[in-house]
Amino acid sequence: MATVTRTWGSAPHGPGASMLVSAEGRVAGSVSGGCVEAAVCAMAEEVLADRTPAVGRWGVGDGDALEAGLTCGGTIEVLVREITPGVPLGRVAADVDAGVPVALVTSVSRGGGLAAGGGTVTGTLGDPRVDRAAALAAEGMLGRGVSGLVHGSAGEPDCAPRGELLVQSFAARPRLLVFGATEFARPLAGIGASLGHRVTVCDARPAFALPERFPGADEVVADRPDRWFRAHADGVDAATAVCVLTHDARFDVPVLALALGSRAGYVGAMGSRRTHEDRLARLREAGLTDGELARLKSPIGLDLGGRGPEETALSIMAEIIAERRGGSGMPLTAGSGPVHGA
């Protein structure tokens, strides 16, 4: 497993991004979007041969980096180590599939590994004190959704990790809630799924809420949007995007009133500017405050000049990503900072 541990400047992926390389040369994942993968594969072959972890660093100013292809202007550091049966990847895979946050902790210089999350620990780094410190560090970083290196603390020698530990956080998939099983919802569910979302499509009309119409969705539900949202409100968090596409005030207003008062990080609704003004009036009548209404993205999506369901879905997902990542939504040519944000 090759994992990005540090980055400087503009880097395609942040700490935690990983690539698996098998003894047969099969590759899954990426550490640089294609820039230095060939060089990392060569290093992985050496690690598999001598079973000694190795650290590589590539930057745009290095001749080796230019030869490897890292020309984006940044520098990345990559840890390559052998994954043995003692590393609990099975626990990690099971938790990821179940949507349960989990962190994998491995040593930079030694073998072993442990998985931590929800107060339980699987595996070991070979020392109970190191395991306790690693589990505490993993829970803290998992709570913030970050990955990276953990250093020992001189102030608490009995609880400090020995040497450097790499913590890889695997947060639960962000949720995409699509209300309205319309033609626009079909490509939106597919694009959302391809970007790693857990997608739910909900519509009060059973004739439209058919799983075969939404192969990218994790679940398709025939229910009133507001009733479904109220029953599942506990699962809505800052990583949840709510898209209301029914374009019918009978369904739009009740579910929007709930979504805008929830922890959802993104709430958008389809419709013209005239529809938006009418919707705002109805939501005010329902008791929503100006602060809550200011959260509503309507008309939904970025102005890409697109046409049709597919291009509209692309504009919606672009706005969701910009909102989640703090993007400006402007063309990259309009800026002067790093292409890849922090």
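For this chain, numbers begin at 1 and follow the sequence in order. Computation of the quantities below employed the complete heavy-atom set of this structure, encompassing side-chain atoms and omitting hydrogens, waters and symmetry-equivalent molecules. Every value quoted in this text rests on a predicted model; they were computed, and no experiment measured them.
Residue Met330 shares its hydrophobic cluster (ILVMFWY side chains chained together at separations under 4.5 Å) with no other residue. Listed by chain and number, the hydrophobic cluster partners of Leu260 are Leu177, Phe179, Val221, Trp228, Phe229, Val236, Val242, Val244, Val253, Val255, Leu256, Leu258, Val267, Leu280, Leu283, Leu288, Leu293, Leu296, where partners are ILVMFWY side chains within reach of under 4.5 Å, directly or through others.
Checked by atom type and distance alone, the side chain of Glu139 never pairs as donor or acceptor with a backbone atom of Ala116 at under 3.5 Å. In this structure, Arg132 contributes its side chain and Asp127 its backbone to no donor-acceptor pair below 3.5 Å.
At a threshold of 4.5 Å between non-hydrogen side-chain atoms, the residues His232 and Thr200 do not count as touching. Between Ile321 and Arg324, the closest side-chain pair of non-hydrogen atoms is not below 4.5 Å. With contacts defined as side-chain heavy-atom distances shorter than 4.5 Å, the pair Glu164/Thr5 does not qualify. Annotation: side chain of Asp131 is in contact with side chain of Leu125 (closest heavy-atom distance under 4.5 Å). For the pair Val27 and Glu37, the minimum side-chain heavy-atom distance is 4.5 Å or more. With contacts defined as side-chain heavy-atom distances shorter than 4.5 Å, the pair Arg6/Leu149 qualifies. Looking at heavy atoms from C-beta onward, Val87 lies in side-chain contact with Leu104 at the 4.5 angstrom threshold. In this structure, Arg213 and Glu183 have side chains that are in contact, with non-hydrogen atoms separated by less than 4.5 Å.
Contact between Gly196 and Pro174 at its shortest, heavy atoms only, is O-CD, 3.7 Å. The shortest non-hydrogen separation linking Cys243 to Leu176 is SG-CD1, 3.9 Å. Considering all non-hydrogen atoms of both residues, Val40 and Ala2 come closest at CG1-CB, 3.4 Å. Taking each heavy atom of Ala138 and Val167 in turn, the nearest pair found is CA-CG1, 4.0 Å. Nearest heavy atom pair, residue Met270 against residue His247, reads O-CD2, 3.5 Å.
Sparse packing is recorded around CG of Asp303, with 12 or fewer heavy atoms of other residues, nucleotides or ligands lying under 6.0 Å away. When the shell of 6.0 Å around CG of Asp50 is examined, it contains more than 12 heavy atoms from other residues, nucleotides or ligands.
At a threshold of 4.0 Å, the pair Lys297-Glu319 does not count as salt-bridged, since none of the basic side-chain nitrogens sits closer than that to a carboxylate oxygen.
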* Would you please test Leu165 and Ser107 for side chain to side chain contact (heavy atoms under 4.5 Å, CB included) and show each step? => CA-CA 5 Å; Leu165 301 176; Ser107 171; 4.1 Å; yes

* To do: Check the pair Leu188 / Leu245 against side chain to side chain contact (heavy atoms under 4.5 Å, CB included), numbers first and verdict last.
  => CA-CA 10 Å; Leu188 181 60; Leu245 311 182; 3.9 Å; yes

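Thr240 pairs by the side chain to side chain donor-acceptor pair (under 3.5 Å) definition with Asp237, not counting sequence neighbours. Under the side chain to side chain donor-acceptor pair (under 3.5 Å) criterion, Arg279 pairs with Asp252, Ser298, sequence neighbours left out. Applying the side chain to side chain donor-acceptor pair (under 3.5 Å) test to Thr275 and every residue at least two apart in sequence or in another chain returns Ser272. Looking at residues two or more places apart in sequence or on another chain, you find no side chain to side chain donor-acceptor pair (under 3.5 Å) involving Arg274.
Side-chain contact, Glu82 with Thr84: no donor N or O sits under 3.5 Å from an acceptor N or O.
With hydrophobic clusters built from ILVMFWY side chains whose heavy atoms lie under 4.5 angstrom apart, Val199 does not share a cluster with Val96. Cluster annotation: Leu195 is connected to Val178 through the hydrophobic network of ILVMFWY side chains, with a link wherever side-chain heavy atoms come within less than 4.5 Å. Placement of Leu79 and Leu48 in two distinct hydrophobic clusters is found when ILVMFWY residues are connected by side-chain heavy-atom separations under 4.5 Å, directly or transitively. Linking Ile, Leu, Val, Met, Phe, Trp and Tyr residues whenever their side-chain heavy atoms come within less than 4.5 Å leaves Phe208 and Val201 in two separate clusters.
Each of Leu142, Val100, Val102 was scored for a side chain to side chain contact (heavy atoms under 4.5 Å, CB included) with Phe170, with one residue passing: Val102.
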